[in-house]
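Order of the sequence lines fixes the chain letters, A, B, ..., with proteins taken first and strands second; residue numbering starts at 1 for each chain.
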Number of protein chains: 2
Amino acid sequence: MNRQPSIPTLEDVAQAAGVSTATVSRCLNEKEKVSKSTLSKVMEAVENLGYTPNFNARAMAARRSNTIGAIIPTMENAIFARGIQAFQVALHEKGYNLLVSSNVYRPELETELIKSLVSRGADGLLLIGHSRDSETYQYLERRGIPSVLAWSMQPGQTHTCVGFDNRASMHPLADKVIELGHRHIGVISGIVEGNDRAQSRLEAIKDSMTAHGLTVDPDMIIQTFYDLDNGSIAFEQLMQKVPTPTAVMCGNDVLAAGAIAKAREMGIKVPEDVSITGFDDIELAKHVYPALTTVHVPHREMGRRAADLLVDLIEDRGSASIIQLDTEVVMRDSLSPPKT
Amino acid sequence: MNRQPSIPTLEDVAQAAGVSTATVSRCLNEKEKVSKSTLSKVMEAVENLGYTPNFNARAMAARRSNTIGAIIPTMENAIFARGIQAFQVALHEKGYNLLVSSNVYRPELETELIKSLVSRGADGLLLIGHSRDSETYQYLERRGIPSVLAWSMQPGQTHTCVGFDNRASMHPLADKVIELGHRHIGVISGIVEGNDRAQSRLEAIKDSMTAHGLTVDPDMIIQTFYDLDNGSIAFEQLMQKVPTPTAVMCGNDVLAAGAIAKAREMGIKVPEDVSITGFDDIELAKHVYPALTTVHVPHREMGRRAADLLVDLIEDRGSASIIQLDTEVVMRDSLSPPKT
DNA sequence: TTGTAGGCGTTATCAG
DNA sequence: CTGATAACGCCTACAA
């Protein structure tokens, strides 16, 4: 009695099957190098004992883990869900597992998370955006850990990446807003520091405004964390400015959804009294009322391509590539010309 | 040249500091057992070399990983976000890391994920709900891996858990709906199979109806996956039934949000033409229009308590406990008496 | 306080 | 096709 819970090991299986551990290992990893008879014998033992290989031991001995890590800014809203999901499905097909962590939008934490993932034996990493100090890249390079950057893509950068030009993507939408006649434009941006996506999107809006001869009033730009409540709060603040904006452009759909909710609460009609735009085209975008005019990003494709790139890198096929994806403004109902 | 990227090991550090690997190990794990002078010497070497301990090796040698795993049905919407977030923060304070996987609402996958987490050396597991075959529990028990169940709690169950009684929680809301005068009630439920939370919530509604002398028409109950689109689709189907429901109760807030969106699209006023209710009280609930009447679940506390329980179990303090949390109906605007 | 040495569960190299 | 056996990087008695 009191038999301690014994976890079966390779050795146990070997014994039960009357072969060496090496053979069992082969049965598990390179079936083709084993005779049919011993294979079935071994597999039976595996079944009976309920054997599950010890991942840590395996990773250590094989010097690879078939695991890749991803660090995303947040899991709290759906912004990254679709892309990561596609990423993980694609990885699965290639025989890799995915480990995701989130840095809760605190870029300082990323380095720590990277180290953690690496120390866990990640064969490769998916990182979001470009903003991080070069030490981090060096760290990865020293250890020979390939990584691909996603969700962003900056002219002139050289690291393997798959993404879209956030600036170029926001541009057409901003142009549209202005061409519709809006002259007083409020902006609810994500926190720009350490976030090149947020920064690029904001810059695109500013650029567009100046290009059209509008002056950008810093007071009409609010930076805040990506979440519904903050979208609401920022919107309320913006609507108190003078002159009141006739359009509010948001750094993403979540912020925009928060803004729309607050508008209704304040009795402000969208888009009659004020237009609101988003970015990302997450599922929520077409479910809010009025449906959100936003920029569609091919998240799924991005995830798939990222997986391809990363695995190629890991398995020594292909080298640094840069894949730029196209985005598209999708006009729905939250944007219209300003009331005259 | 072509110096292969050499990852520093304990041994490297030991050499650089002029001590044994054992001492370095102590400096990293039990500082108090080392003299100040050697400690600083060692730490310096660690810095210089940029040493990061190899997690796999450590887990293997120490026979523990300080890692706990969680398996949630989905990361695609915010249902589990708050609770898991709190869980992870609490764990962090106790010196544990969290690994989360999601089974995308396919209960069959859970077993596989559990094995994966276990083979990765998880010291303990957080599982959602009770529905799983006993083999799984046996598997965990054999290996001495403690687990706590959350998000649910069924009378008479014995496994350590922290949660709320889904049935008892939905009951008051259903009663409320009926007492308001609704006689034709549609239900958009989550898929019941392999999901005790969805099942309990649905049963609560049925119970309440029969208790009030209403007959439950199976045709007025739709089961579907938790997501916005499905909520919309199901709502549309429901509104085509005869007699038309005057209230639609949803298995969670996401479904309800989808229903609300569709209602507007169809020109149906909520709550004037039809009332809609949710469950969970996620952030979205108060941002939709009309704000959702739902059941508030103390997600954060649940996460915290789960962490306490699990770590106690792992560290051999305390034994199986059952913590029941209270939920609360929160009346907002999406529920009103039926039009007479 | 510090060092020595054995072992954790697998994989991989080399003979047989 | 199969079996020894040496790593893999670290922890932990046990000794000194």
Residue pair B:Pro8/A:Glu32 against DNA chain D: nearer the 5' end by closest nucleotide is A:Glu32
B:Glu11 CD to C:dT4 P, in whole Å, measures 11 Å
Inset, instruction - Could you tell me whether the side chains of A:Arg64 and A:Asn66 share a donor-acceptor contact shorter than 3.5 Å? - result: yes
Q: Look at all strands and tell whether B:Thr9 reaches a base, only sugar-phosphate, or nothing, counting heavy atoms closer than 4.0 Å.
A: sugar-phosphate
In whole angstroms, the gap separating C1' of D:dT12 from CG of B:Leu28 amounts to 15 Å
Check your understanding: Hey, does A:Asn29 reach any base, or is it just sugar-phosphate, or nothing, if we go heavy atoms under 4.0 Å?
Key -> sugar-phosphate
Rounded to whole Å, CZ of A:Arg120 lies from P of D:dG9 at a distance of 18 Å
B:Arg58 CZ to C:dC8 C1', in whole Å, measures 15 Å
List every contact pair, protein side and nucleotides 4-8 of chain D side both N or O, where the distance is under 3.5 Å.
unit_1: D:dC8; atom_1: O3'; unit_2: A:Arg63; atom_2: NH2; d: 3.3
unit_1: D:dC8; atom_1: O2; unit_2: A:Ala61; atom_2: N; d: 3.4

Here the distance between atom P of C:dT10 and atom CG of A:Asn66, to the nearest Å, is 16 Å
NA contact type, B:Val24, heavy-atom cut-off 4.0 Å: base, sugar-phosphate, or nothing? nothing
Axis-to-axis angle across the helix from C:dT1-D:dA16 to C:dG16-D:dC1, five pairs each end, nearest 10 degrees, ~ 30°
Margin query: Using 30° and 60° as the class boundaries, would you call the ring planes of A:Tyr105 and A:Tyr226 parallel, tilted or perpendicular?
Written below: perpendicular
